[in-house]
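Report on the following structure.
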There are 2 protein chains.
Amino acid sequence: MARTRNSDGYPSFAVTVDLVVLTVRDDELQALLVSRGEEPYLGRRALPGGFVRPDEDLPDAASRELAEETGLHQVPGHLEQLATYGAPDRDPRMRVVSVAYLALAPELPDPRAGSDAAAATWVPARRALSQRLAFDHHRILRDGVERARAKLEYTGLGAAFCPPEFTVARLRRVYEAVWGVELDPRNFHRKVTGTPGFLVDTGRTVVEGPGRPAALFRADPAAELSPPLTRARLG
Amino acid sequence: MARTRNSDGYPSFAVTVDLVVLTVRDDELQALLVSRGEEPYLGRRALPGGFVRPDEDLPDAASRELAEETGLHQVPGHLEQLATYGAPDRDPRMRVVSVAYLALAPELPDPRAGSDAAAATWVPARRALSQRLAFDHHRILRDGVERARAKLEYTGLGAAFCPPEFTVARLRRVYEAVWGVELDPRNFHRKVTGTPGFLVDTGRTVVEGPGRPAALFRADPAAELSPPLTRARLG
DNA sequence: ATAATAGTGTCTTTTAGACAATATCAC
DNA sequence: GTGATATTGTCTAAAAGACACTATTAT
């Protein structure tokens with residue numbers, strides 16, 4: 001494997017960004033995976049990602065890759081740094097340090113087949129985590145899913161999985177899908193509407209099938225839930 | 001600035017680890033800072049850190065630097081990855097991506113003057129954050145302090161600031177120092193001793209000045225506080 | 001004895017969680 | 001009408017927070 005030093009005499013690394021992109025589709029937490037079109041791990045599923053450019057900041061590289069994979073610019077939802085993975089043997093070609101980002105997106109149109117990525121597809125998180133992925137992407141995906149689950153507890157981040165305006169039931173199904181639990185609709189409603197600043201009532205309602213029309217809300221993206229919703233206690 | 005590609009044709013980066021090392025001394029949250037002995041930022045205070053070696057994993061680089069700066073091997077306490085900083089202009093010499101680690105340590109003997117580092121000293125976090133630091137270390141330090149504050153809420157990590165055996169009062173002063181608040185000793189005592197698995201009674205007591213002897217506890221390093229201690233509500 | 005700190009008990013308020021009851025839609 | 005979902009209200013249990021009180025030490 002290449003172990004080079006750059007022109008200044010410091011050890012030389014390649015730097016990539018890898019993306020854990022999560023959404024809730026069909027009441028299920030799903031992750032975006034690509035199929036690798038080259039060695040190593042040819043044909044294996046992997047997280048979308050790519051090399052950081054020489055003059056590109058890390059968040060910019062993450063947004064760029066996300067836009068390339070999903071075909072969407074100005075990705076709605078949420079993008080945050082997850083963690084960095086740099087084991088010396090994680091890429092057999094050379095020393096690569098990967099900065100992983102976590103993106104939470106509302107249900108998007110199917111990934112662009114015509115885009116840069118090789119067949120990016122949504123895969124249920126449970127299934128994605130039960131198959132072999134390229135590199136150390138299994139661990140990165142696991143860390144990303146766990147981060148998302150944890151963050152829903154104490155932030156209003158669940159709304160990042162919803163379109164700009166949504167009902168309480170929609171938000172509740174997000175929590176149920178991400179945590180894999182059932183929540184009491186009445187207590188959930190009281191909790192989220194009673195947290196000051198979390199949800200903003202638009203004054204409008206929507207009818208979705210039978211039942212009383214539901215109020216439409218908008219999310220305050222920076223809201224914190226205090227006290228938190230707790231996976232262990234809700235139900 | 002150098003903008004090189006390595007021998008494989010990929011953009012070449014240098015990778016460093018920077019350390020936010022926090023402790024509680026004199027009932028105050030303090031951070032470990034060094035003085036830079038070379039350009040750029042000659043003489044400016046900075047976080048300890050250094051280049052990752054060609055075949056070294058990131059956590060290993062962090063432990064190595066920590067040992068070099070503190071003079072202690074097998075650092076007690078806690079070490080976790082904080083975040084990664086890679087703005088293209090963050091180091092004027094070349095493109096450097098820095099993986100920051102957060103270390104929480106019990107009160108240590110004064111940093112080794114004879115060690116590798118140039119005059120590593122403990123500085124109260126408030127003061128460290130009010131002065132100019134080299135590179136983007138102000139932001140890294142701020143992120144590290146905030147991470148520590150947040151983690152004390154929902155984990156038993158406060159014990160990482162304590163020696164292996166400690167009293168409830170010692171732990172409480174850690175929380176008070178990190179959060180900068182006063183906590184009710186009686187309610188704090190009931191909370192931490194009542195959380196199953198958090199504290200393990202050694203059966204022994206110590207006398208520290210006047211007052212009833214205090215029971216000595218050991219911490220379960222992996223304990224989670226549920227429901228959490230909350231900065232906003234305690235007091 | 002007095003001051004200081006450790007630890008327990010008690011009360012009030014807040015919140016979680018269970019669940020009844022009402023509102024408003026599709027059919 | 002029936003069945004479904006939204007929303008409000010009520011009750012109980014758990015926990016937070018205020019604070020009285022007891023226990024055990026140094027001085």
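Just so it is clear: chains get the letters A, B, ... in the order the sequence lines come, proteins before strands, and each one is counted from 1.
A donor and an acceptor atom, one from each side chain of B/Tyr85 and B/Asp18, are nowhere located under 3.5 Å apart.
Taking the side chain to side chain contact (heavy atoms under 4.5 Å, CB included) definition, one finds that A/Arg44 meets it with A/Tyr41, A/Arg132, A/Ala134, sequence neighbours left out. The side chain to side chain contact (heavy atoms under 4.5 Å, CB included) check on A/His78 picks up A/Glu80, A/Leu104, A/Leu157, A/Ala160, with sequence neighbours excluded. By the ring-ring contact (aromatic ring centres under 6.0 Å, His included) test, A/Tyr101 is found to be paired with no residue, residues two or more places apart in sequence or in another chain being considered. Here A/Pro213 pairs with A/Thr205, A/Val207 under the side chain to side chain contact (heavy atoms under 4.5 Å, CB included) rule; sequence neighbours left out. In this view, B/Asp201 and B/Ala215, B/Phe217 satisfy the side chain to side chain contact (heavy atoms under 4.5 Å, CB included) rule, not counting sequence neighbours. Residues satisfying the ring-ring contact (aromatic ring centres under 6.0 Å, His included) criterion with B/Tyr175, sequence neighbours excluded, are B/Trp179, B/Phe188.
In terms of phosphate contacts, A/Lys191 brings no side-chain nitrogen or oxygen within less than 4.0 Å of OP1 or OP2 of C/dT15. Dashed line: the shortest gap from a side-chain N or O of A/His189 to OP1 or OP2 of D/dT7 is under 4.0 Å.
The stretch residues 205-214 of chain A touches DNA chain C through A/Val207, A/Gly209, A/Pro210, A/Gly211, A/Arg212, A/Pro213, each having a heavy atom within less than 4.0 Å of the strand. Near DNA chain D, meaning a heavy atom under 4.0 Å from it, residues 160-173 of chain A has A/Ala169, A/Arg172 in order of number.
We find that CG of B/Asp201 is positioned 13 Å from C1' of C/dA6, with the value rounded to whole Å. Atom pair A/Asp184:CG and D/dG9:P shows a separation of 16 Å (rounding to whole Å applied). Distance, A/Asn187 CG to D/dT8 P: 13 Å, rounded to whole Å. Straight-line distance from the CD atom of A/Glu153 to the P atom of C/dT15: 18 Å, rounded to whole Å. Rounded to whole Å, atom P of C/dA4 lies 16 Å from atom CZ of B/Arg186. In this structure, A/Leu199 places its CG atom 11 Å from P of D/dT7, rounding to the nearest Å. If you measure from atom CZ of A/Arg204 to atom C1' of D/dA6, you get 18 Å, rounded to the nearest angstrom. A straight line from CZ of A/Phe188 to P of C/dA16 spans 12 Å, rounded to a whole angstrom.
Using a cut-off of 4.0 Å between Lys/Arg side-chain N and Asp/Glu carboxylate O, B/Glu68 and B/Arg64 are scored as salt-bridged.
Within the structure, side chain to side chain donor-acceptor pair (under 3.5 Å) contacts touching residues 157-171 of chain B (residues at least two apart or in different chains) are B/Glu165-B/Arg204, B/Glu165-B/Arg218.
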